[in-house]
Protein chains: 2
Amino acid sequence: MRRTKEDAEKTRIAILDSAERLFLERGVAHTSLDQIARDAGVTRGAVYWHFQNKGHLFHELLDQVRLPPEQLAERLCGAEDEQPLRVLRDVCVEAIVGLAEDEKKQRIFTILLHRCEFTDEMGEAAERHDAFVRQFIALFEKQFTVVTSRLRPGVTPQLAARALHGLVIGLFTDWTRDPPQFGREEVQRIFDTLLYGLLDDWRP
Amino acid sequence: MRRTKEDAEKTRIAILDSAERLFLERGVAHTSLDQIARDAGVTRGAVYWHFQNKGHLFHELLDQVRLPPEQLAERLCGAEDEQPLRVLRDVCVEAIVGLAEDEKKQRIFTILLHRCEFTDEMGEAAERHDAFVRQFIALFEKQFTVVTSRLRPGVTPQLAARALHGLVIGLFTDWTRDPPQFGREEVQRIFDTLLYGLLDDWRP
DNA sequence: CTGTTTACAATCGCTGTTGTATGTAACAGC
DNA sequence: GCTGTTACATACAACAGCGATTGTAAACAG
């Protein structure tokens with residue numbers, strides 16, 4: 001019984017939602033396409049119609065929340081010259097706080113960080129994510145390079161970038177493991193704390 | 001052809017080693033016990049003789065590197081009153097540097113952080129790990145509580161603990177994703193940086 | 001109104017994986 | 001030298017999951 005285009009889009013969404021729920025509950029590898037289809041009220045035929053395979057399904061799931069790298073780069077380099085580090089801090093704070101406010105984001109990042117295996121048999125999803133992370137660090141480093149002279153003695157732009165990125169990833173990881181942690185103010189204070197350690201003229 | 005006890009122990013080790021290699025390459029869920037057995041030069045019978053199932057095998061693999069929580073607590077609370085935060089910092093630095101120096105530790109933590117799914121069907125391994133992490137944070141917080149008065153205004157022991165733990169986890173994650181990063185001095189400088197942001201009287 | 005395409009459902013064949021049960025040869029103790 | 005046990009190998013049964021193919025009714029384009 002063929003449906004209209006809107007109906008088709010609805011089942012597409014339903015499949016994605018079911019995948020999200022089941023991936024979160026049982027892990028990506030431990031969830032079969034049949035289970036997803038059943039949960040969405042369709043058969044595997046529908047899943048294979050909308051998605052090539054599990055890898056692509058997972059990939060499209062991630063793309064629902066992962067902001068495109070270009071957008072990130074633009075955001076970071078847009079306010080050129082002005083107050084690059086303040087923008088950098090705000091981006092980091094937004095990332096964490098955005099996680100707290102958006103439950104879907106929370107679930108999908110939980111899947112990404114705790115419920116899936118990064119192996120090349122999962123297709124381009126893994127590679128793209130790794131590339132994303134590397135670019136993230138590179139952008140950090142670039143921003144710190146601009147203000148090299150303000151860094152405390154012994155602190156290189158590279159070191160600062162690694163530290164800041166580590167903190168972001170770590171907070172993401174801890175947050176998704178055990179959600180109700182802290183609000184915007186506290187997140188901002190954490191990043192201010194690290195930045196104050198990196199630059200002696202940092203003022204929140 | 002029955003072997004002597006030492007032989008048996010050798011095949012046990014061989015199975016663990018093969019599991020380590022294959023888990024790292026393909027992920028835990030995507031590795032079958034038959035593949036592990038073949039790689040170790042035995043059959044699945046041997047695997048089932050030494051381990052109840054894949055979950056237990058994974059569990060014993062982790063126990064090869066994860067230091068027992070009691071040991072950690074002792075280490076942190078042992079030098080009571082003296083310089084609790086310095087011990088705390090050294091523990092964090094040791095954790096990261098230890099990773100760089102011990103390749104086995106590196107592989108196993110890579111599996112733990114990037115090649116496995118934390119779901120309850122994996123048995124007690126997941127629970128134990130989560131409990132470990134929580135205790136870790138609790139210990140951090142306890143240490144910071146001792147020196148509450150030295151914390152910068154607005155910084156609570158809880159906040160400090162979350163931040164420090166986040167940084168540790170984040171550096172672990174980044175390191176295992178892309179190993180050749182930095183040496184002991186730089187790691188120490190990173191933690192000193194954060195601690196200096198947390199306490200105004202911190203001196204490396 | 002009709003042909004084509006869409007959006008699935010149903011079925012099939014195959015392989016991979018798990019758990020268990022049974023066989024078996026050698027070692028260790030007596 | 002016999003025996004029970006150990007340390008596996010082999011065999012068996014059952015299922016799950018994938019990918020492909022085929023079927024089909026309804027939507028849509030002309």
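Reminder, nothing fancy here: chain letters follow the sequence lines and each chain counts from 1. All values below come from the heavy atoms of this structure, side chains included, with hydrogens, waters and symmetry mates left out.
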### Message
Take a 6.0 Å sphere around CD of B:E185 and say whether it holds more than 12 heavy atoms from other residues, nucleotides or ligands.
### Response
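Open: at most 12 neighbouring heavy atoms sit under 6.0 Å from CD of B:E185.
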### Query
Should we count CZ of B:R38 as having more than 12 external heavy atoms under 6.0 Å?
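Incorrect, the count does not exceed 12.
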### Query
What parts of residues 33-61 of chain A reach DNA chain D, counting only heavy atoms under 4.0 Å away?
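Those residues are A:L33, A:R44, A:Y48, A:K54.
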### Query
Among residues 8-20 of chain B, which contact DNA chain D at a heavy-atom distance under 4.0 Å?
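Within residues 8-20 of chain B, the residues near DNA chain D are B:A8, B:T11.
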### Query
How long is the span from the CD1 atom in B:I190 to the SG atom in B:C92, to the nearest 0.5 Å?
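Nearest 0.5 Å value for the CD1-SG distance: 12.0 Å.
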Side-chain polar contacts of residues 95-105 of chain A - donor-acceptor pairs under 3.5 angstrom, sequence neighbours left out - could you list them?
from, atom 1, to, atom 2, distance (Å)
A:D102, OD1, A:K104, N, 3.0
A:D102, OD1, A:K105, N, 3.3
A:K104, NZ, A:E20, OE1, 2.8

Strictly below 4.0 Å, N to O, side chains only: are [X] and [Y] in salt-bridge contact?
X	Y	answer
B:E25	B:R107	no
A:D174	A:R177	yes
A:D192	B:R152	no

### Interatomic distance, B:K5 NZ vs D:dC8 P [rounded to whole Å]
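Going from B:K5 (NZ) to D:dC8 (P), I get 13 Å.
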### Sequence-distant partners of B:F140, ring-ring contact (aromatic ring centres under 6.0 Å, His included), two or more places apart
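Result, ring-ring contact (aromatic ring centres under 6.0 Å, His included) vs B:F140: B:F136.
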### Message
Between A:H114 and A:T176, do the side chains contain a donor N or O and an acceptor N or O under 3.5 Å apart?
### Response
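Short answer, yes.
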### Message
Using five base pairs at each end to define the local axes, how bent is the helix from C:dC1-D:dG30 to C:dC30-D:dG1, to the nearest 10°?
### Response
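Taking the rotation axis at each end, their angle is 20°.
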Output a table of donor-acceptor pairs, distance under 3.5 Å, between side-chain atoms of residues 41-51 of chain B and any protein atom two or more places apart or on a different chain; print 'none' if there are none.
from, atom 1, to, atom 2, distance (Å)
B:T43, OG1, B:G45, N, 3.3
B:H50, NE2, B:T11, OG1, 3.3

